[in-house]
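Here the structure comes first, spelled out in structure tokens, and everything after it is commentary.
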Amino acid sequence: MTESSPTVWGVGTTRTLRAHWALAEAGVAYETKPIQSRSGETQTDGYAALNPKQKIPFLEHGDVKISESYAIVDYVFEVFGGDRVYRPATSAERAASNEWCSTILMELDAHTLYVMRRHGDLKDLYGAAPAAIDAAKEYFTKLADAMVMKLPAGPTCLLSEKISVADILLMSCLDWAVLYQVPVPEAYGDYRKRMSERPAYQQAFDFNFEVLGVTHKDLPR
Ligand SMILES: N[C@@H](CCC(=O)N[C@@H](CS)C(=O)NCC(=O)O)C(=O)O
């Protein structure tokens with residue numbers, strides 16, 4: 001790695017997938033510190049000094065240190081994406097991108113999928129809450145349904161022919177939903193298939209989930 005190559009901390013979750021996929025789309029050589037969620041590796045003094053949130057993913061690029069998957073993907077596309085990726089240019093384009101990203105991060109990720117994780121897999125830490133999990137599942141499908149009208153009419157990425165930050169966030173949440181057996185509206189089928197055929201997605205998925213023994217071929221499409 002050269003001095004200007006980025007380093008990513010974290011593998012094995014759909015949020016770490018976002019960082020690896022963005023770097024693969026941008027075609028950047030980078031280093032990985034393959035620490036895992038809930039392994040104790042995010043709790044060490046050394047990691048806490050780097051990222052006081054003690055969460056993954058985390059990206060370091062020279063003096064730039066970023067701890068949120070959304071901010072990481074946006075930074076990678078801005079700095080390394082060039083003409084391989086879509087960057088909104090007008091106010092209307094930025095609004096369309098922001099609308100997707102806010103819905104995905106707030107409604108799909110934080111309010112539904114992560115609620116399922118907290119009160120399902122992590123119930124010993126956060127408490128079992130079957131009713132919250134059922135409600136979250138229903139809410140995921142309702143919100144995903146509400147965004148169907150914004151899906152692209154043609155066989156493209158979400159906002160243009162080129163991949164955008166919103167695509168990385170959406171596809172990672174759709175995969176997360178599939179892994180949790182949450183019903184994903186059928187209208188997303190073609191979009192999921194197109195995204196899953198991208199070489200950068202397949203490469204990043206297999207690299208990110210190697211620690212769990214899962215490949216992109218294992219997910220029903
Ligand atoms: N909003 C953050 C969430 C990051 C997050 O919660 N990461 C989890 C794994 S997906 C984590 O690192 N949890 C602490 C741990 O497992 O030790 C992002 O999108 O990057």
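Excluded from the calculations below are hydrogen atoms, water molecules and symmetry mates; all remaining heavy atoms, backbone and side chain alike, are included. When a ligand or atom number is given, it counts from 1 through the structure's own listing order.
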Strictly under 4.0 Å, does any heavy atom of Q43 approach an atom of ligand 1? yes
Which atoms of ligand 1 are found less than 4.0 Å from any heavy atom of T13? 10 (S)
State plainly whether the residues E68 and K53 are in salt-bridge range, i.e. N to O under 4.0 Å. yes
Does the side chain of I163 come within less than 4.5 Å of Y201's, by heavy atoms? no
Tell me, which protein residue and heavy-atom name are nearest atom 19 (O) of ligand 1, and how many Å apart are they? S69 OG, 2.6 Å
Numbering the atoms of ligand 1 from 1, which are under 4.0 Å from a heavy atom of P57? 20 (O)
Relative to the ring of W9, is the ring of Y47 parallel (under 30°), tilted (30 to 60°) or perpendicular (over 60°)? tilted
Hey, is Q54 one of the residues with a heavy atom under 4.0 angstrom from ligand 1? yes
Ligand 1 to R15 polar contact by distance, N or O atoms, under 3.5 Å: yes
Identity and separation of the nearest protein heavy atom to atom 2 (C) of ligand 1: E68 OE1, 3.1 Å
Atom 12 (O) of ligand 1 has as its nearest protein heavy atom I56 N, 2.8 Å
Among protein heavy atoms, which lies nearest atom 17 (O) of ligand 1, and at what distance? T42 OG1, 2.6 Å
Identity and distance of the protein heavy atom lying nearest atom 9 (C) of ligand 1: S37 OG, 3.7 Å
